[in-house]
Number of protein chains: 2
Amino acid sequence: MSTVPPFNPDPDAPVYLYEQVADHLQARIEAGEIGPRLPGERALMDEYGVAHGTIRKATDLLRERGRVVTLPGKGTFVRKGE
Amino acid sequence: MSTVPPFNPDPDAPVYLYEQVADHLQARIEAGEIGPRLPGERALMDEYGVAHGTIRKATDLLRERGRVVTLPGKGTFVRKGE
DNA sequence: TTTCATTTGTTCGTATGTATT
DNA sequence: CAATACATACGAACAAATGAA
């Protein structure tokens, strides 16, 4: 059970910030660190130190990847299964 | 560690200006003078004293050569590796 | 019922950067 | 060369859905 290293965004990396956030969240999910419900968008904003839109794009990406499902007004949840 | 000589475009050379700019940028990249993120297009316009389109063609060339990767809205980045 | 807190969803304005005309 | 469009990212505010008191 190794923990996921802290989020360390690289502004000079050829990768969008929201994608870096999504990758980090996915790593935490697969490490079992978060779930079945993800922290709220505002909590994630604080955790990652990024703006609302960036968190939304990150979770959009995870949803496109099929890792999470989100219910408006309820939350974003880790999708079970492989 | 020698620095790259200043940009000195030769109007009489049988080489397009944007190619001369690209070659100079590539030399600076390989000399480690710039990167991992290239200056913005407007900054490069000022540095080289050329028009926007010339800078764009130069970076297009670098991209075709596989030396840089560009992400719209984020920037143009030196590609790591050989 | 209404009220309240929480959470997702949307929009506006500003800044920076690339892309297009 | 200039102007415009598009995309990321930030900050702020507000709306809408949910659930519990």
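Residue numbering restarts at 1 for every chain, and letters A, B, ... go by the order of the sequence lines.
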Task: Pair of N/O donor and acceptor under 3.5 Å linking C:dT10 base with A:His52 side chain - done: yes
Considering just the side-chain nitrogens and oxygens of [X], establish if one lies under 4.0 Å of OP1 or OP2 belonging to [N].
{"X": "A:Thr70", "N": "C:dT7", "result": "no"}
{"X": "A:Thr76", "N": "C:dT7", "result": "no"}
{"X": "B:Arg56", "N": "C:dA19", "result": "yes"}

Open item on the list: Could you tell me if the side chain of B:Val50 sits less than 4.5 Å from the side chain of B:Ile55, heavy atoms only?
Closed with: yes
Donor-acceptor pair, side chain of [X] and main chain of [Y], under 3.5 angstrom:
{"X": "A:Arg67", "Y": "A:Leu62", "value": "no"}
{"X": "A:His24", "Y": "A:Asn8", "value": "no"}
{"X": "B:Lys74", "Y": "A:Asp12", "value": "no"}

Check the distance between [N]'s [atom2] and [X]'s [atom1] and give it to me in whole angstrom.
{"X": "A:Tyr16", "N": "C:dT16", "atom1": "OH", "atom2": "P", "answer": "18 Å"}
{"X": "B:Leu71", "N": "C:dG17", "atom1": "CG", "atom2": "P", "answer": "14 Å"}
{"X": "A:Asp60", "N": "C:dT8", "atom1": "CG", "atom2": "P", "answer": "12 Å"}
{"X": "B:Ile55", "N": "C:dG17", "atom1": "CD1", "atom2": "C1'", "answer": "14 Å"}

Open item on the list: Once salt bridge (Lys or Arg N to Asp or Glu O under 4.0 Å) is applied, do any residues pair with B:Arg56, and if so which ones, sequence neighbours excluded?
Closed with: B:Glu41
Open item on the list: Mind checking if B:Gly75 touches a base, just sugar-phosphate, or nothing, with heavy atoms under 4.0 Å?
Closed with: sugar-phosphate
- [ ] Treat each ILVMFWY residue as a node, draw an edge where side-chain heavy atoms are under 4.5 Å apart, and state whether B:Val4 and B:Phe7 are in one component.
- [x] no
Task: Hphob cluster co-occupancy, B:Val68 + B:Leu44, side-chain heavy atoms under 4.5 angstrom - done: yes
Task: Over all atoms of both residues, closest heavy-atom pair of A:Tyr18 and A:Ala58 - done: O-CB, 3.4 Å
Task: Sub-4.0 Å heavy-atom contacts from residues 29-49 of chain A onto DNA chain C, ordered by number - done: A:Arg37, A:Gly40, A:Glu41, A:Arg42
TODO: At the 4.0 Å heavy-atom cut-off to chain A, mark where contacts on DNA chain D begin and end, going 5' to 3'.
DONE: D:dT8 to D:dG19
TODO: Find which nucleotide of DNA chain D each of A:Pro72 and A:Thr54 is nearest to by heavy atoms, and output the residue with the more 5' nucleotide.
DONE: A:Thr54
Task: Nearest-nucleotide 5' precedence on DNA chain D, A:Glu19 against B:Gly53 - done: B:Gly53
Open item on the list: Any carboxylate oxygen within less than 4.0 angstrom of a Lys/Arg side-chain nitrogen, looking at A:Arg28 and A:Glu47?
Closed with: yes
